[in-house]
Each structure stands twice: as structure tokens, then as C-alpha cells.
*Asks:* 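What follows is a structure written as C-alpha cells; I'll ask about it next.
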Amino acid sequence: MKRPWKVMSTVSVAAALLISVGCTQKSTVKEDEKSSEYKAPVTDYTFDTAANMFAYAEFELSGEPLAESLGLDLDLLDAKKVNKPTEFDYIAGIESYEYSEEAMYEVVEKSGLGLHLLNGPVVEKMAKEAGKQSPALLEDRFYALADSVGYPKEEIFRNMYPTFIEYSSGDPHYTQKLDTSVYAKNEDKTYVPVYQVDFKTLRWDRDKMGKTLTPSAYGGAFLKQSLWAGDFLGGFHTVDKDEELEATSSTQDSDPNVRLGVSSADGFQGVVLTEEIWNKLAYIRDGLFYNSSTKQLTSGTGSKYNPSEGLVYLPHEIKVTEEGAEAAKASKLEVTDARSLLRDQWLMLWPSSEFYGMTDQRPENGAVNPAFRAAFDGAPFAAAAKENIDGSSSNDVKADDPYSVNRDVLLQVFKNLEAMHFNKEAGAFVSSHDGVKQGDYVDTFDAGYTLEALRIFERAIDGLPVGYASGEDAKGLQTEEGKLALEMMKKQADFMIANMMTNSGLVANGFTIGKGQDEKAATLEAQLGAIRGLTAVYLATKDEKYREAARNLYNAVDTQMWNKDLHVYETAKGEMKYTPFTAGSLSATLRLALLNLGNEESDKEQYPSLEKDTVISRYVDFYNKVIDGPSLKEGMQASEFWDTGDFYKEGDKSGNTDGDMVPQLQAGHGKYGIAPVLVNVEIQK
């Protein structure tokens, strides 16, 4: 969505990309006095990058795209008009969607939670080739990116901290007083605070960051970046009126009045996100793969990689020793956990597949959005090496363009998913591999989400729409990789149906091959992961048995795990402990219930739980009770600002101008407030 303010800059981009230090004063927090029949206290304020970015990816898909697919005219949404046109529309189109967008910016542009783009491998290579220092090159690069989308250079945000790869965890509390002074004022006394255009007071504490590189963490951030970049760069716009244009040709931007991006502001964010992704992928491919034989970090080789000749994969944890206080770079990388974990792999396969759909330049794929082709035609992003898009892998070359580096990572992760995690005898994905031996435990949540990641992979590799259009039917290219993905998906889904369902109708949390089901009480996460996976296989194959299995499981969850008194799902028997992984997968499952699993005339069972109105009521209860919470000090969403209606207004010191249960940033938990991210909560009576 287009931002409601103009961003003015009085400093150079090079200076804007470095950390500044601000003053420290105590802020005030409004005490909420609203009584409630339940509590939702925070149990842990630690920011888990993988969990948050995963959850916000699902929130994004359960936001505007969901509301629009159910018939909402998005032009009717207004952050100022709470619960209009309906409460569901507002929660989906404003809260779910904008929480998702702002949290991404918080991580990759504001917090400093990772390594600075100044030290990105593509930026450093460009600087060397141009004979410049990285700060000067990055300044020129940001100006070029701005020109490509018609964004005024003087309106670039100040004191950004763009990351090219993100750390695994951090403390989301701010370390200094936020600059909430007036930047630009409106006639109704609402105003834009300085911190929305100048990010220097939004840094997190570097000493409290978990400075490790974990595929699920940097992959989760990659997922958010790729989904938003695909949205922002999926069209063109006019320069004179900033009106969105449908993409009909990859050369539309040759018209001086036409530029990349659905708008100038969104286009600029799209190209910045893509620049970050490009550097991330180059860093991963050229140094974050682990050779199980030499026990050293090395490069990935993509289409040339053969697992049978020695495993080279993304290890679970690499410790970073930092160098430089203002724009951190890694002086040393040390593998501290060499295992390959299934969660890491699917959280890399999914975003790599999404980005492949953006960067795909294969001539035989005529379904690529022309706007994407325009972005990767050499300006602003390098075109693909011809040898890598000619339909033959025998002549592939190592290249540094976005398509080639992403393809190398994508194919290597996919090959390792099959070689290291797919138990061919059982037909199921196991959770771990130590580099020598495959494990024997099938985790339901991760196996289920692996199926969704494979669904997106199959669509991308076969040239089908991904992103918001990943549910659309189309005829694909029938690649060998796509066929293998579908084969593994069906086997895992069949294994789940045959071996992991319990007598109660719920699914077991896991299964140990050779022993049997996990006998612990069923968790909500396991059910949600299974529903996500079974629905994915249904969407990919159109085989009704998978939809029926997902519907039966959904009904069992709603019947057995819904707390009728508090109107919240129990996360395990007698417990309601919510993490971002739980929240994200619940958001996804409710979306699937509305789009794919709801009652149809042809269904043998007409479940009351799958009536549209019932699902919408569950969705509204979930966001109101678990995400926003019953008071300003409770609920998973730690803070919010402009985009979700919490406007700043002269004379209003409440820290909550929209009157909901989510405070403004400076009014949230902690001495100086807290970032707009998700924290863990426990729902209590």
C-alpha cells in the first residue's frame, strides 16, 4: 500500500546507511483498565527471527489477498475506520497485512539484526569493479534503484540499516528514546513522527543479538522479502500521476513516463528488498554450504551438485564473529551445529521458489509476469547468464546474476531435501540428518510445511504462478524436478494419512520410523502443519482424498481443541501457549478453511465448523484475543503505528490513539518501548 507521507532527506544515502546514536529518556505507558474474562500475558520477549518472519508471511497471505479473494474492494479499507467495512475485512486487510509488512521493515531496514548491506558480496564486487569504496558505491546504487522506479532521491529514508543476511534472534526492545517529534503535520493535528522517516532511534541492542546464521532465520526473512518484492514489482506505474499500470510488455518502462513497481514508493521498497535478497543469496551460495567430508564451509554448485558424491548442505548454525561497530561485517564464521534440519531446509526452499518465480528468464516459460522480466533485463538487476536458461544443465556456468545464484541455492536445497531428509522406504520426510546418517523421526508440523514448500517449488520450476497467485490453475512445463517433487509430496501425504492419524481423529505429533506414533498429547501446531500439508497436496494434484483428509482433521481440531469459554484454540490439552509458529500456522489454516476446505454441495460431510461464518468468527476471535490481546500489556503483537491506525496526534499522550489493545512503539513494554513484532503469550482464564 502506498505510504501516506512523503519522506524528505537532508543527508546523503551513504550517511543514511550508518548507525547514529540518540539520547535516552523514559517514555510513558497508558494503563489499560478494561476488564476481561481472560488474560494473555507475555511469556517471552525474545525475538525469534524464523518464527516471526514465518508467521508474518502467513499473516500477509491471510491479509489483503484473502480479503480480496472473498470479494472485498480494497479501496474501501481505511486505517482510520476501525472494523469497516466489516470487522473481518479490517483485521485481514489492515491489521494482518500491515503488521506483516512493518515487521519485515523492522528487521531488514531498522533494527540492525544482521550484517550490513555495505558488506554484501554483490555490493563489494560492484565497488571493486567501479574502483570505489562500498559506501560510495551503495549510495550510487540506491540512487540508481530509485531512478528505476521513479522515486525521488531526496525522499529516501534516513539512517537505514539494510541487512543482507539476518541473525537468528534478538531483543526487540529499543535502546534509546524514539524520536516521536513532529516531522510533518496535518490539519487535524495528526502528524508524522520523525522516527518514521529517520530510523536512527530504532536500533536494537547488538550485544543481545543471537549472532548466528540459521537457515530458518535468514530463510524466513527471505520469505518475507520475496513475497513483498513480488507484490511491489508485479506491475508498472506512471511517473506523472503515480497510477498503477497492468504489465503487458517487458519493455513498458522504456517509456519515460513508465517505471517499475505498482507505485513509486512500493516500487522503491521492492527494488531495495530485491537488492538485499540478491546479496543474501550470493553470500549463501558462495560460503554458507557445509561439506560433510572436509567439515568446512564451501560454495554450492546447484545443477552440478550430486549428493551421492558427497553431501554439501546448509548447516543448522554458524556462529558469527563481528567486525565493525557501525556497519557490521563478519570477520569469522564457525559452524557450531553441523546438522541439517528439515525446518531449515523447507524455510529456504519456499522463498527460493518464490524468488525463482520472479527471476525466471527461461525462454520456454511464457507465463512470467512481464514486469518481472523488465526488472531483470540488466537494469536495475543483472540478466541471467544465457547458459543457465537454455534448457540444458550440461553447459551451466557459475554466474552472479540474481536468477543464477538463486537457482544454484534452490536446486541444491531441493536435492538435499530428497537425499538427506526423504526416507524412500517409508515415503516420509525425517526431521534431521547429521551429515552422515539420516534420522528416523517424522515431525508432523515440519513434514506438513515441507509439502507446502514443495508445492511452491513445483509451481516455480514448472513455470506456474507463485506469490499471491500460487492457488491459480495453469499448465506447467512438466520438468523432471517438478515430477519428483509431486511424487514425494503424494508419498508423504499418504504416509501421514495411513500411519499418523490417531483414533481421536487428530494427527500424532510425530512418528518414529520402525517404532510408531508419538504418544504425547496432540499439539495444535502438529494439526495445523498437517492440514497445511494435506491441502498443499490437494492443490497440487486435485486428488479429493487429500482435501477430505484435511477437512476431517480441521473438523476434529475445531471440535476437540476449541475452548468454548474463552473462544481460543488450545495449543495442547489444557494449555493455550502461543508462539509465532503457532500463530502463523493458525492464520494459514483459517485461510485455507475459507478458500479451499469450506463446505460445498458435493461434500459428503457438511461440517458446521467449515461454514464460512463460523471460520470468519474464529479468525476474528484469534486476532482480537491472541494477537491484539485484552490489554495494552498483553497479546502477541507488541506494538503498532501509523499503518494500522495508531496515528500520532498533538496533545495525545495515551500511546494508543486508535483505542485498541496494541500500544504505539514508544508506549510498549520496556524503558523506551518495543518493536512491532510478535512475542510469546499464554492465554489464561
Side-chain angles (χ1 to χ4, degrees), residues 11 13-24 45-50 52-53 56 101-120 123-124 134-135 138-139 142 156-179 194-214 217-218 220-222 224-225 269 272-273 275-277 279-280 283 318-331 333 638-639 641 665-666 668 670-678:
V11 294
V13 177
L17 294 171
L18 298 176
I19 298 178
S20 299
V21 179
C23 57
T24 56
Y45 283 99
T46 302
F47 178 81
D48 181 329
T49 307
N52 259 261
M53 295 294 93
Y56 281 125
E101 184 179 8
E102 292 306 333
M104 173 184 65
Y105 295 142
E106 189 73 27
V107 173
V108 304
E109 289 185 2
K110 304 174 183 179
S111 65
L113 188 71
L115 300 177
H116 199 292
L117 186 60
L118 278 170
N119 305 305
V123 170
E124 289 185 335
S134 289
L138 191 56
E139 178 177 355
F142 264 62
I156 295 173
F157 293 111
R158 285 174 280 172
N159 290 292
M160 292 172 68
Y161 195 111
T163 52
F164 73 85
I165 198 160
E166 296 72 35
Y167 288 149
S168 60
S169 63
D171 181 347
H173 292 95
Y174 294 118
T175 60
Q176 56 187 297
K177 182 184 178 183
L178 301 195
D179 191 344
V194 169
Y195 81 73
Q196 285 189 220
V197 298
D198 184 342
F199 301 160
K200 73 177 180 180
T201 60
L202 300 178
R203 302 287 185 258
W204 298 4
D205 189 339
R206 296 204 76 76
D207 291 336
K208 294 181 180 179
M209 293 177 183
K211 296 175 183 175
T212 57
L213 300 180
T214 300
Y218 58 73
F222 180 13
K224 287 293 303 129
Q225 290 167 311
Q269 289 289 7
V272 170
L273 292 170
E275 187 81 358
E276 293 167 345
I277 291 170
N279 280 266
K280 187 198 312 280
Y283 194 70
I318 299 172
K319 179 182 176 182
V320 176
T321 300
E322 281 189 354
E323 176 183 301
E326 291 192 331
K329 66 184 297 184
S331 61
L333 298 178
S639 67
F641 64 107
L665 275 61
Q666 81 288 347
K671 186 176 182 180
Y672 303 115
I674 191 168
V677 297
L678 294 172

*Asks:* Quick one: closest heavy-atom pair of A330 and Y283, and the distance?
*Replies:*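 It is CB-OH, 3.7 Å.
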
*Asks:* My understanding is that only residues two or more places apart in sequence, or in another chain, count here; which of them pass side-chain contact (heavy atoms from CB on, under 4.5 Å) with D48?
*Replies:*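 side-chain contact (heavy atoms from CB on, under 4.5 Å) list for D48, sorted by chain: A50, A51.
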
*Asks:* Under the rule for side-chain hydrogen bond (donor to acceptor under 3.5 Å, both in side chains), what residues qualify as partners of S134, not counting sequence neighbours?
*Replies:* none

*Asks:* So, Y56 versus E106: side-chain donor-acceptor pair below 3.5 Å or not?
*Replies:* no

*Asks:* Would the distance check show the side chain of S639 and the main-chain N or O of I674 forming a donor-acceptor pair, the cut-off being under 3.5 Å?
*Replies:*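 Yes; at least one donor-acceptor contact below 3.5 Å.
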
*Asks:* With sequence neighbours excluded, tell me which residues meet ring pair (Phe, Tyr, Trp, His ring centres under 6.0 Å) with Y218.
*Replies:*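 Not a single residue meets the ring pair (Phe, Tyr, Trp, His ring centres under 6.0 Å) criterion with Y218.
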
*Asks:* Check D205 against T175 and note the closest heavy-atom contact, atom names and distance.
*Replies:* N-CG2, 3.5 Å

*Asks:* Taking all non-hydrogen atoms of both residues, which atom of S168 and which atom of T212 are closest, and how far apart?
*Replies:* OG-OG1, 2.6 Å

*Asks:* Ring centres under 6.0 Å, that's the criterion: do H116 and F164 meet it?
*Replies:*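 H116 vs F164: aromatic centres not under 6.0 Å.
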
*Asks:* May I have all residue pairs that pass salt bridge (Lys or Arg N to Asp or Glu O under 4.0 Å) and include part of residues 159-169, sequence neighbours excluded?
*Replies:*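 Qualifying pairs: E166-K280.
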
*Asks:* Of all the heavy-atom pairs spanning L113 and G170, show the shortest one and how long it is.
*Replies:*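 Heavy atoms only, the tightest pair is CD1-CA, 4.0 Å.
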
*Asks:* Using the side chain to side chain donor-acceptor pair (under 3.5 Å) rule, pick out the option among E109, E102, E101 that qualifies with Y105.
*Replies:* E101

*Asks:* For S169, what residues pass the side-chain contact (heavy atoms from CB on, under 4.5 Å) criterion, not counting sequence neighbours?
*Replies:* T46

*Asks:* Taking side-chain contact (heavy atoms from CB on, under 4.5 Å) as the test, write out the residues that go with E323, two or more places apart.
*Replies:* K329, S331

*Asks:* Between Y672 and L178, which heavy-atom pair has the shortest distance, and what is it?
*Replies:* O-CG, 4.1 Å

